[in-house]
2 protein chains.
Amino acid sequence: MTNGKRQQNKEITRRAIVSAAVDLFSRNGYEKTSIEDLAKAAGIGKSTVYTYFKAKEEIFLAFCDEEFEYSFTALRDRVDADAPLIEQLHTLFMSQYEFVTSNREFGRILLREILFPKTVTSLAKQSNQRYLDALGEILTHAKERGEIRPELDNFFLSAHFFMLYLGALSGLYTGYVSTTEEVGAGLRILLNQALQGIAL
Amino acid sequence: MTNGKRQQNKEITRRAIVSAAVDLFSRNGYEKTSIEDLAKAAGIGKSTVYTYFKAKEEIFLAFCDEEFEYSFTALRDRVDADAPLIEQLHTLFMSQYEFVTSNREFGRILLREILFPKTVTSLAKQSNQRYLDALGEILTHAKERGEIRPELDNFFLSAHFFMLYLGALSGLYTGYVSTTEEVGAGLRILLNQALQGIAL
DNA sequence: CTATAAAGTCGACCGGATTCGACTTTATAG
DNA sequence: CTATAAAGTCGAATCCGGTCGACTTTATAG
């Protein structure tokens, strides 16, 4: 009857792994944490980890999920829903920027996984979706205020802004810029281009 | 005296490794080619490879450099310098798109390294620069024709378009789109948004 | 209360990238 | 022409992600 016992234990073990990941990844970094370390910390055997996650990367994404939850909630409050669109976008992205790069290595791996995942996992897509949803909301509101062209599709608008944000981040990782100020300034220029249009 | 002998041999060996990489990566793919395979093909010992490259990824970037040379040259001819800007950009990017995704795995690794490199190597920056330069040329020409706002900075314009291109590519890798046609259509929408502007 | 199939666990193993350390070659000072 | 230090080479060892297959636990049908 009760197949709930199994389900429940599975959930507990899964949490134990993610919790170990949050701890060890944060403390020692992704590369320096082995699957065996995680297993030991979670009190299970190494290969059991693979019943819960297909690959190490997947654990990383679950780890991100936890961290994101916090970051996104904290963020909602910071964005003023009636500020000009560009300010809202700038605030949103710079907050995310600070969170994502709070650990450089962490940010790099996360961005790689989100943009160019090895396999299309629901988790990667989910992370993405969260951004696109948050943006979509802001955009809908901006349309209502008559700030942007209403005929444009929210998905492509969100994607557009999101890519500009990632461009600013990439500038950091490739060494084009190095300070938060530079990233912020660059991002603002790009957002302005998008809003005002590039063509004469 | 002659410390040239050593230098010269080093260069020869380096070339041998890259040449082996071009051959084996193309034929069997990146993951399926082991360092030992490369070493054997280059006629050296496995660990000697590490005197020339810090990691496998670095060999991959050297490999890309070779391949890009060809791809970029072939491309110049295809772009009509007097077509409307959006057509030029679309042609440029779709050609690159086809080249980059001719092997899905290859494209994925390349894009990761270009956007979010583990270490800022000159190679990654160089690849990037090549794109930005090619774009800069097109943009300068477009300014002369009066097609775009002349006060905008070429670097940020190039970066903007480049990111939209990468967004389209990312859509492929994350599963938002799956055919070349869809990528092309999505890219066109994004380019249009950038050119026409998003704001009312 | 079994029998048994399904689900879960884990130690042992595998392949491949990277490191180590002993050995060989080269450049050069005297 | 040595001696020797620096540079280069490579097989062996290590480390780690991931798979395999034998073993254990759980659910359930009769």
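Below, chains carry the letters A, B, ... as their sequence lines are ordered, and counting in each starts from 1. No hydrogens, no waters, no symmetry mates; every other heavy atom, side chains included, goes into these values.
- Remark: P of D/dT25 and CD1 of A/I44 are 17 Å apart, rounded to the nearest angstrom.
- Contacts of residues 20-41 of chain A with DNA chain D (heavy atom under 4.0 Å): A/T33, A/S34, A/I35.
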Let me check I have this right: for DNA chain C, each base becomes ., (, ), [, ] or |, based on Watson-Crick or G-U pairs with both distances under 3.5 Å. What is the full string? ||||||||||||||||||||||||||||||
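- Nucleotide D/dG8 holds its P atom 14 Å from the CZ atom of B/R14, rounded to whole Å.
- With salt bridges taken as basic N to acidic carboxylate O contacts below 4.0 Å, one links B/E87 and B/R188.
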Check step by step if side chain to side chain donor-acceptor pair (under 3.5 Å) holds for B/N154 and B/T140. CA-CA 8 Å; B/N154 264 11; B/T140 301; 3.0 Å; yes
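- Among the heavy atoms of the strands lying under 4.0 Å from B/K46 is at least one base atom, whether or not backbone atoms are also near.
- Relative to the side chain of B/K56, the nucleotides D/dG18, C/dT18, C/dT9 differ in distance, and C/dT18 lies closest.
- Expressed to the nearest 0.5 Å, how far OG1 of A/T180 lies from CG of A/L187 amounts to 12.0 Å.
- Side-chain atoms of B/H141 and B/R145, non-hydrogen and from C-beta on, do get closer than 4.5 Å to each other.
- The side chain of B/S47 lies closest to D/dG11 when the candidates are C/dC10, D/dG11, C/dA17.
- Phosphate proximity of C/dG8 to A/Y50: absent, as no side-chain N or O sits under 4.0 Å from OP1 or OP2.
- Annotation: A/R15, atom CZ; neighbour count of heavy atoms from other residues, nucleotides and ligands within 6.0 Å does not exceed 12.
- Remark: B/T48 is in phosphate contact with D/dC10, judged by side-chain N or O atoms under 4.0 Å from OP1 or OP2.
- Between the C1' atom of C/dT18 and the CD atom of B/E57 lies a distance of 13 Å, rounded to the nearest Å.
- With hydrogens and angles left out, the side-chain atoms of A/Y131 and A/Q96 include a donor and acceptor closer than 3.5 Å.
- The interatomic distance linking A/F60 (CZ) with D/dC16 (P) rounds to 18 Å, in whole Å.
- One can place OH of B/Y52 at 7 Å from C1' of D/dG8, the figure rounded to the nearest angstrom.
- In this view, A/E57 and A/Y30, A/E113, A/K118, B/R112 satisfy the side-chain contact (heavy atoms from CB on, under 4.5 Å) rule, not counting sequence neighbours.
- No close placement of the A/F93 and A/F162 rings is indicated, their centers lying 6.0 Å or farther apart.
- Side chains of A/T174 and B/N128: no donor on one and acceptor on the other come within 3.5 Å.
- Atom CD of A/E58 and atom P of D/dG18 are 10 Å apart (whole Å).
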